[in-house]
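Everything on this sheet refers to the single structure shown next.
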Amino acid sequence: MPRIQFADVTFPDHNTPSAYDIERRLKIFLDRFREQIGSPKFDYALSDADRLKIRRRAAAYLSAISRRSGMDHLDDKDRRKLQVFRGGAELKCVETEHRADEIASCLHTEMPWMAPATERLWHDMRASVRNGDLGPLVRPMLLVGPPGIGKSYWSRLLGAQLSVPTTIIEATSEPAAFAVTGSQKGWGSAGPGKVLEGIMASQIANPVIVVDEIEKAGDVQSAGGQRYSLTEGLLPFLERSTARRWSCPYFRIGFGSHGFLQQTA
């Protein structure tokens, strides 16, 4: 399966030395340098000024590596969370038009009354195969119908057929945009949204996202009049151009299809 660079950061090499290692190397270098230039033996002992200079240079080196990574604004805990994307994220694909036919046939056999949704999905999958897309590009879909006809079940069945996880967001209990986008640091419940959390847990970049009962989301406003509606939080994900390069308000880095990494069997 193909893997893409999903997080728009550069992960430092595993062999990057620690501050302790850098300081130790600099101390050894300074001792040897003084010996080479013929300094008296008793001058080899490091002064407080020497130690301070070494500590500063080690910190400056590590700071430069951190800035190049794009993660210098994050604390250690959040950097560790992003390590799941060091090797990119996997894209589950529909390899052939025949496979697209099989998925559509399974959905239609089990739920024939959902034929309009299944047919649109089928056409999108076949088009993606013909276009050579790495993963199936399925247009956002709004399922409208009376309660109990299986709209959510159809979505879960689709996830099972595509072999991808399905993330469910309940609009009735989570009406604010934070459930989808996450929230900036400074809020009491700051964290990434459910979409990104699901991708981090599975390391699959194209899950099925289901917003259940979205018509009941309502309008959420802060005391200052700012809007945080779930429907508005969905907008960047519904437009393909913005979904490819989406900026997470919690991590403050971009996520999406940032480049092809490798193809695995």
Side-chain angles (χ1 to χ4, degrees), residues 4-12 16 19 59 62-90 140 155 159 164-259:
I4 59 170
Q5 181 188 351
F6 188 72
D8 190 18
V9 296
T10 301
F11 292 97
T16 300
L62 292 175
S63 177
I65 293 177
S66 179
R67 287 195 302 272
R68 286 197 299 270
S69 74
M71 296 186 289
D72 56 308
H73 61 286
L74 299 175
D75 58 30
D76 290 340
K77 182 182 72 172
D78 288 333
R79 292 186 196 187
R80 287 194 297 270
K81 289 179 180 178
L82 292 176
Q83 286 293 321
V84 297
F85 296 129
R86 175 177 283 274
E90 184 178 346
S155 304
V164 300
T166 299
T167 297
I168 307 293
I169 298 172
E170 299 287 349
T172 52
S173 58
E174 299 172 300
F178 307 138
V180 177
T181 63
S183 55
Q184 296 175 342
K185 291 185 177 182
W187 291 81
S189 58
K194 282 195 169 184
V195 174
L196 185 55
E197 281 184 338
I199 295 174
M200 293 175 71
S202 65
Q203 296 178 49
I204 294 175
N206 56 338
V208 171
I209 307 297
V210 179
V211 182
D212 207 11
E213 300 191 54
I214 191 171
E215 77 282 2
K216 298 178 182 177
D219 189 21
V220 179
Q221 291 189 6
S222 69
Q226 291 179 295
R227 296 168 60 90
Y228 298 103
S229 301
L230 176 61
T231 50
E232 292 192 353
L234 284 171
L235 292 178
F237 296 96
L238 299 178
E239 175 59 42
R240 187 169 294 175
S241 60
T242 52
R244 286 180 182 273
R245 296 289 190 277
W246 175 74
S247 182
C248 171
Y250 177 76
F251 287 110
R252 289 182 291 157
I253 64 172
F255 291 93
S257 179
H258 294 282

Using a 3.5 Å distance criterion without hydrogens, assess whether the side chain of R86 forms a donor-acceptor pair with backbone atoms of P12. yes
According to salt bridge (Lys or Arg N to Asp or Glu O under 4.0 Å), who are the partners of E213, at least two apart in sequence or on a separate chain? K216
Quick one: side-chain contact (heavy atoms from CB on, under 4.5 Å) partners of A64, sequence neighbours excluded? R67, R68
With sequence neighbours left out, write down each residue that passes side-chain contact (heavy atoms from CB on, under 4.5 Å) with S155, or none if nothing qualifies. L143, V210
Side chains of V9 and F85: closer than 4.5 Å at any heavy-atom pair? no
Between CG of D75 and NZ of K81, what distance do you get to the nearest 0.5 Å? 8.0 Å
Residues two or more places apart in sequence or in another chain: which of them pass side-chain hydrogen bond (donor to acceptor under 3.5 Å, both in side chains) with N206? none
Is it true that a side-chain atom of S63 and a backbone atom of A59 form a donor plus acceptor pair closer than 3.5 Å? no
Less than 4.5 Å apart, any side-chain heavy atom of H73 and any of I253? yes
Report the distance from atom OG1 of T172 to atom CD1 of I214, rounding to the nearest 0.5 Å. 12.0 Å
In Å and rounded to the nearest 0.5 Å, what is the CD1 to CG distance from I169 to L234? 7.0 Å
To the closest 0.5 Å, what do you measure between OG1 (T10) and CD1 (I65)? 12.0 Å
Answer whether the closest heavy-atom distance between the side chains of T167 and V195 falls below 4.5 Å. no
Which residues satisfy the side-chain contact (heavy atoms from CB on, under 4.5 Å) test with S66, sequence neighbours excluded? S69, D72, R79
Looking at T181 and C248, what are the two nearest heavy atoms and their distance? O-SG, 4.4 Å
Just to verify, what does P207 make a side-chain contact (heavy atoms from CB on, under 4.5 Å) with, not counting sequence neighbours? P165, I199, I209
If you measure from CD1 on I204 to CD on E90, what distance do you get to the nearest 0.5 Å? 5.5 Å
Please collect all salt bridge (charged side-chain N to carboxylate O under 4.0 Å, His left out) contacts where either partner lies in residues 189-208, sequence neighbours excluded, each pair once. E174-K194
Heavy-atom distance under 4.5 Å between the side chains of M71 and F11, does that happen here? yes
Test ring pair (Phe, Tyr, Trp, His ring centres under 6.0 Å) applied to F237 - qualifying residues, sequence neighbours left out: W246
With a 4.5 Å heavy-atom cut-off, do F6 and L196 have their side chains touching? yes
